[in-house]
There are 2 protein chains.
Amino acid sequence: MDTNWSVRLDPETRTLGSRAASRLRELIRDGVLAPGTRLPAEPELARRLGVSRPTLRAAVTELIGDLLLVRRRGVGTFVSAAPRPAHGLERLTGTGRDIALRGQRPGTTGLRVRHVLANPALAAALCVEPGVPVVQLTRTRTADGVPVAHCADWVPTDLLPEPGALDAFGAEESLHDRLAALGLPLRQAVTRLVPVVPDADLRDRLDLASDAPLLLLEQRHFPVAPGDRVALFSRHWYDTARIDLQLVRRG
Amino acid sequence: MDTNWSVRLDPETRTLGSRAASRLRELIRDGVLAPGTRLPAEPELARRLGVSRPTLRAAVTELIGDLLLVRRRGVGTFVSAAPRPAHGLERLTGTGRDIALRGQRPGTTGLRVRHVLANPALAAALCVEPGVPVVQLTRTRTADGVPVAHCADWVPTDLLPEPGALDAFGAEESLHDRLAALGLPLRQAVTRLVPVVPDADLRDRLDLASDAPLLLLEQRHFPVAPGDRVALFSRHWYDTARIDLQLVRRG
DNA sequence: GAGTGGTCTAGACCACCAG
DNA sequence: TGGTGGTCTAGACCACTCC
């Protein structure tokens with residue numbers, strides 16, 4: 001293995017630490033840094049990446065969060081022996097991007113955009129008054145063509161720059177990206193986990209043979225943090241037999 | 001409200017940033033910093049707490065993670081309007097402590113400690129050879145006397161200082177605390193979420209009337225990080241009708 | 001003792017938001 | 001325009017691990 005690599009960071013996107021993290025991710029993915037390898041000491045690694053040590057540490061911490069690296073005090077930093085390919089539920093990304101990160105091809109069927117008035121339950125979830133206008137999106141997500149989740153999303157119309165901003169939403173678009181472009185980034189979500197038995201409609205949409213239970217993720221999304229307005233409420237029903245839902249917990 | 005407070009940090013525990021975070025937590029809990037209040041600017045706040053600005057920022061970041069504070073660039077840092085009382089699944093604590101943090105009284109019934117040999121499935125989960133000796137704990141957890149989860153835990157015997165180290169495990173003890181005392185802290189877990197229909201045994205142990213689905217948390221616990229030996233494998237079946245399982249996700 | 005990661009500091013410059 | 005948080009740096013000292 002080439003042990004004398006060094007890299008340059010492209011000067012544009014995100015923070016310097018995240019760019020350094022991306023670069024390390026590539027080096028790991030490409031096998032330059034093989035599983036189990038010890039990385040150079042932090043000052044040396046910082047020098048090679050052209051950043052300061054605190055910035056390098058931010059990058060390494062990010063990769064540790066993704067379970068790609070392990071730090072051992074007084075010993076060194078190592079590439080994980082068996083790195084998990086993607087991240088877990090603790091990280092908030094769009095469903096489509098989540099599927100793509102697993103190495104599968106995301107798709108959408110049965111997309112429908114409607115304008116509705118919030119019923120009491122929905123109003124409570126969105127922290128608005130009942131009867132307030134809301135844009136409702138429903139669609140079924142597929143991974144490599146196999147339906148894995150049915151998704152329903154609701155956005156209060158008054159948070160959009162114009163009421164029809166989502167009317168032309170495309171089947172292959174990312175709702176996260178579209179809302180971010182509209183000035184409604186989804187940075188945080190509080191998610192309730194509920195196992196449910198699918199009804200006939202869900203069985204049909206997900207093409208389920210049995211009535212094995214699904215996992216419902218009921219999520220309130222916030223642009224910055226709770227206390228702000230709820231930007232999006234969603235109910236996503238996952239068929240965990242077809243898509244594994246994992247989570248990394250830290251003490 | 002007193003707006004001219006300043007504090008000293010006790011010099012002992014944890015990192016300086018965490019101690020500063022604790023101090024801020026107290027100020028919020030005691031109402032010195034009321035919900036919605038803007039905090040002093042970071043350099044000023046750092047001065048009052050007697051730490052540098054990066055250290056203060058670590059403290060504030062910690063409290064933002066606990067949803068107690070909100071940062072707005074160019075505006076200020078604010079105490080959350082409606083802080084959530086407890087944390088979600090993204091944080092790893094023992095089941096008992098988790099129940100206590102919800103303000104309920106944790107309890108245990110049907111505790112049983114057995115020495116078994118790993119079958120192939122268990123061996124794979126623990127990353128050991130089939131037939132390796134393992135200590136198995138099973139118990140049902142209650143909150144205010146109501147059964148909320150049935151738990152099965154497995155620890156490879158060779159990781160214990162002596163094979164019988166868990167034989168005298170008490171019904172009201174914390175397995176997390178006991179393992180930490182034995183030199184096996186559980187700092188991280190990779191959790192699979194699986195909705196399941198309870199069998200007759202589970203219905204009986206959890207005193208369930210219906211066969212509404214449960215949420216199974218299948219967890220591999222690591223002392224430091226993946227790549228290490230699996231210190232504990234567990235299967236916990238939660239009745240989400242009796243105990244709400246939530247999760248905070250960040251983008 | 002030599003080398004590693006863990007922590008903390010002081011100071012700088014920038015991007016953003018409000019008046 | 002002035003104040004805020006966002007980022008980054010260089011350097012220091014400590015605690016731990018291993019030889």
Are any of B:Arg57's side-chain N or O atoms less than 4.0 Å away from OP1 or OP2 of D:dG6? yes
Is it true that B:Arg71 and B:Glu42 have a side-chain N and a carboxylate O under 4.0 angstrom from each other? yes
Separation of atom [atom1] in [X] from atom [atom2] in [N], rounded to whole Å:
X       : N      : atom1 : atom2 : result
A:Arg71 : D:dA15 : CZ    : C1'   : 15 Å
A:Leu39 : C:dG5  : CG    : P     : 8 Å
A:Phe78 : C:dG5  : CZ    : C1'   : 11 Å
A:Leu45 : C:dG6  : CG    : C1'   : 16 Å
B:Glu42 : D:dT4  : CD    : P     : 10 Å

Each nucleotide of nucleotides 8-18 of chain C classed B (base within 4.0 Å of a protein heavy atom), S (only sugar-phosphate) or -, in 5' to 3' order, makes SBB-B--BBS-
Partners of A:Phe233 by ring-ring contact (aromatic ring centres under 6.0 Å, His included), sequence neighbours excluded? A:Trp154
If the test is side chain to side chain contact (heavy atoms under 4.5 Å, CB included), which one of A:Thr77, A:Val79, A:Leu27 qualifies with A:Thr37?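 Passing option: A:Val79.
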Heavy atoms of other groups near A:Glu172 CD, more than 12 under 6.0 Å: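 Yes, enclosed.
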Within 45° cone and under 6.0 Å: B:Arg187 NZ/CZ vs B:Phe222 ring: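 Ring-cation test returns no.
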With sequence neighbours left out, what residues match A:Glu173 under salt bridge (charged side-chain N to carboxylate O under 4.0 Å, His left out)?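 Salt bridge (charged side-chain N to carboxylate O under 4.0 Å, His left out) list for A:Glu173, sorted by chain: A:Arg178.
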